[in-house]
> 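Quick one: this structure, given as structure tokens, is what I'll be asking you about.
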Amino acid sequence: MADKQISLPAKLINGGIAGLIGVTCVFPIDLAKTRLQNQQNGQRMYTSMSDCLIKTIRSEGYFGMYRGAAVNLTLVTPEKAIKLAANDFFRQALSKDGKKLTLVKEMLAGCGAGMCQVIVTTPMEMLKIQLQDAGRLAAQKKLMASQAGPNSAVAESVTARPTAIQISRQLLRSDGIAGLYKGLGATLLRDVPFSIIYFPLFANLNKLGQKTPDGKSPFFVSFLSGCAAGCAAAVAVNPCDVIKTRLQSLQRGVNEDTYSGIIDCARKIWRSEGPAAFLKGAYCRALVIAPLFGIAQVIYFIGIGEFLLGLLPSRRD
């Protein structure tokens with residue numbers, strides 16, 4: 001049976017629901033990724049993902065693993081909706097002649113989707129990173145305060161953690177709307193290649209499960225294809241993700257480098273931490289992205305959006 005065309009509202013609903021479910025499931029791993037990527041040589045608080053999560057639960061409680069989740073849950077719906085809908089839009093625009101898309105056109109469609117999504121992704125990541133990394137910085141200051149003594153300047157500098165609203169107001173006051181888009185170039189550098197890799201790879205892996213050229217792949221094939229494509233794309237662009245995370249972090253730990261731009265950040269990481277630093281958090285990112293996009297593609301192909309729209313009363317002229 002041929003696939004029916006999915007309406008734009010249904011695509012947006014599918015992408016939004018997929019994002020909400022996915023983020024809820026994998027957010028603690030994403031928090032560990034951010035903290036591992038941000039810690040530099042010197043005062044290292046965590047040795048691995050499991051060590052980070054255990055220490056986070058001990059010092060911040062269970063819900064400490066979900067710091068910044070509210071920002072993601074609020075903005076992930078438009079982000080994932082834009083990403084999936086834009087990819088479909090560009091794929092349809094590039095296949096108007098009815099012919100099968102070439103690999104180059106599939107990559108162009110993915111590129112377009114990646115460029116569209118950064119409208120939401122950049123401010124979402126900007127706020128999320130501050131909230132996620134606040135626990136690491138607080139733990140580092142407490143450790144140094146305990147070593148320095150209760151009357152030291154370090155002990156006095158341990159302050160309350162900011163909220164997303166406080167960070168937003170501070171950025172808007174100091175830099176205007178551009179403050180929320182700090183790291184836009186690095187975000188593009190990560191998300192455009194990611195989409196170029198992910199969407200063509202997913203489309204071709206998913207085709208392996210189709211019994212006929214126009215048929216749908218089974219549920220498990222869509223899920224596994226989304227996981228495999230997401231994992232491959234996530235690891236491939238992890239160096240760009242490390243740079244983006246460092247650039248978007250407003251607060252630094254003791255003796256940690258500051259950066260003036262993408263090239264300066266890449267150069268300093270290479271010199272002080274070595275090439276292996278560009279793979280920090282790569283396995284965490286793979287564990288986040290693989291199920292996130294696997295769930296997204298399953299919901300997208302099941303068509304929950306169409307079902308929900310079908311429950312609405314139809315308008316009659």
Side-chain angles (χ1 to χ4, degrees), residues 12 15-16 19-20 22-24 26-27 30-31 33-38 66-87 111-138 159-195 234 237-253 256-266 269 281 285 288-289 292:
L12 298 178
L20 290 171
V23 167
T24 303
V26 301
F27 194 83
D30 186 66
L31 179 136
K33 175 203 73 91
T34 298
R35 293 187 177 184
L36 289 170
Q37 287 182 340
N38 256 340
Y66 283 88
R67 280 192 61 82
V71 174
N72 253 36
L73 291 172
T74 301
L75 296 178
V76 74
T77 298
E79 188 224 16
K80 287 292 178 283
I82 289 171
K83 189 184 188 84
L84 294 172
N87 180 68
C111 177
M115 293 182 71
C116 289
Q117 80 168 85
V118 296
I119 297 170
V120 177
T121 303
T122 305
M124 178 182 76
E125 291 276 312
M126 183 70 187
L127 296 173
K128 183 196 74 171
I129 286 171
Q130 315 317 315
L131 297 171
Q132 287 182 327
D133 203 40
R136 179 186 72 90
L137 296 173
T159 57
R161 296 166 194 167
T163 65
I165 295 175
Q166 290 172 337
I167 295 169
S168 299
R169 285 176 179 169
Q170 179 186 348
L171 289 170
L172 290 171
R173 251 189 234 115
S174 59
D175 302 313
I177 192 69
L180 291 172
Y181 281 87
K182 182 182 178 183
L184 175 61
T187 306
L188 281 167
L189 193 64
R190 180 197 69 172
D191 288 349
V192 171
F194 178 92
S195 295
V237 303
N238 196 75
C240 300
D241 189 54
V242 172
I243 293 171
K244 182 198 75 66
T245 300
R246 297 280 181 95
L247 287 175
Q248 287 189 316
S249 296
L250 298 175
Q251 302 295 323
R252 304 287 176 192
E256 290 184 346
D257 289 331
T258 57
Y259 312 105
S260 59
I262 295 172
I263 296 175
D264 179 60
C265 181
I269 292 173
R285 183 162 165 76
V288 169
I289 298 297
L292 189 64

> Of all heavy-atom pairs between Gly179 and Met126, which one has the smallest distance, and what is that distance?
O-CE, 3.9 Å

> Using a distance-only test with no angle check, is there a side-chain donor-acceptor pair under 3.5 angstrom linking Asp30 and Gln132?
yes

> Rounded to the nearest 0.5 Å, how far apart are CD of Gln248 and NZ of Lys182?
8.5 Å

> Considering all heavy atoms of both residues, which atom of Gln166 and which atom of Thr163 are nearest to each other, and what is their separation?
OE1-N, 3.0 Å

> Within a strict 4.5 Å, meaning less than it, do heavy atoms of the Asp257 and Ile269 side chains meet?
no

> Measuring from atom CD of Gln170 to atom CG of Leu250, what distance do you get when rounded to the nearest 0.5 angstrom?
7.0 Å

> Taking atom CG of Leu184 and atom CG of Leu189, what is their separation to the nearest 0.5 Å?
11.0 Å

> Could you give me the CA-CA distance, side-chain angles and deciding distance for Asp191 and Gln117, then say whether side chain to side chain contact (heavy atoms under 4.5 Å, CB included) is met?
CA-CA 8 Å; Asp191 288 349; Gln117 80 168 85; 3.4 Å; yes

> Do Ser249 and Asp133 pair up side chain to side chain, a donor and an acceptor below 3.5 Å, judged on atom types alone?
no

> Is the backbone of Ala134 close enough, under 3.5 Å, to the side chain of Gln251 for a donor and an acceptor to pair up by distance?
no

> Kindly compute the distance separating CD (Glu256) from CG (Leu137), expressed to the nearest 0.5 Å.
7.0 Å

> Decide whether Gln37 and Asp241 meet the rule of one side-chain donor and one side-chain acceptor closer than 3.5 Å.
yes

> Where do Ile243 and Ala266 come nearest, in terms of heavy atoms and distance?
CD1-CB, 3.9 Å

> Specify the closest pair of heavy atoms between Val120 and Leu75, including all atoms of both residues, with the distance to one decimal.
CG1-O, 3.5 Å

> State, with a plain yes or no, whether a side-chain heavy atom of Asn238 is found less than 4.5 Å away from one of Phe194.
no

> Going by heavy atoms in the side chains, are Lys33 and Thr245 under 4.5 Å from each other?
yes

> Do the non-hydrogen side-chain atoms of Asn87 and Ser195 ever get within less than 4.5 Å of each other?
no

> For Leu127 and Leu180, what are the C-alpha separation, side-chain angles and deciding distance, and is it a side chain to side chain contact (heavy atoms under 4.5 Å, CB included)?
CA-CA 8 Å; Leu127 296 173; Leu180 291 172; 4.2 Å; yes

> Under the criterion side chain to side chain contact (heavy atoms under 4.5 Å, CB included), I'd like the reasoning laid out for Glu125 against Thr187: C-alpha separation, chi angles, the key distance, then a yes or no.
CA-CA 9 Å; Glu125 291 276 312; Thr187 306; 5.5 Å; no

> What pair of heavy atoms forms the shortest contact from Pro123 to Tyr181, and how long is it?
CD-CE2, 3.7 Å

> When rounded to the nearest 0.5 angstrom, what is the spacing between CG in Leu247 and OH in Tyr259?
8.5 Å

> Kindly compute the distance separating CG (Leu31) from CD1 (Ile129), expressed to the nearest 0.5 Å.
11.0 Å

> Hey, is the main chain of Thr24 close enough, under 3.5 Å, to the side chain of Tyr66 for a donor-acceptor pair?
yes

> Has Arg190 got a side-chain atom pairing as donor or acceptor with Val237's backbone, closer than 3.5 angstrom?
no

> Applying salt bridge (Lys or Arg N to Asp or Glu O under 4.0 Å) to Glu79 and Lys128, what does each step give before you reach the verdict?
CA-CA 14 Å; Glu79 188 224 16; Lys128 183 196 74 171; over 6 Å; no

> Run the numbers on Ile167 and Leu131 for side chain to side chain contact (heavy atoms under 4.5 Å, CB included), then give the verdict.
CA-CA 9 Å; Ile167 295 169; Leu131 297 171; 4.0 Å; yes

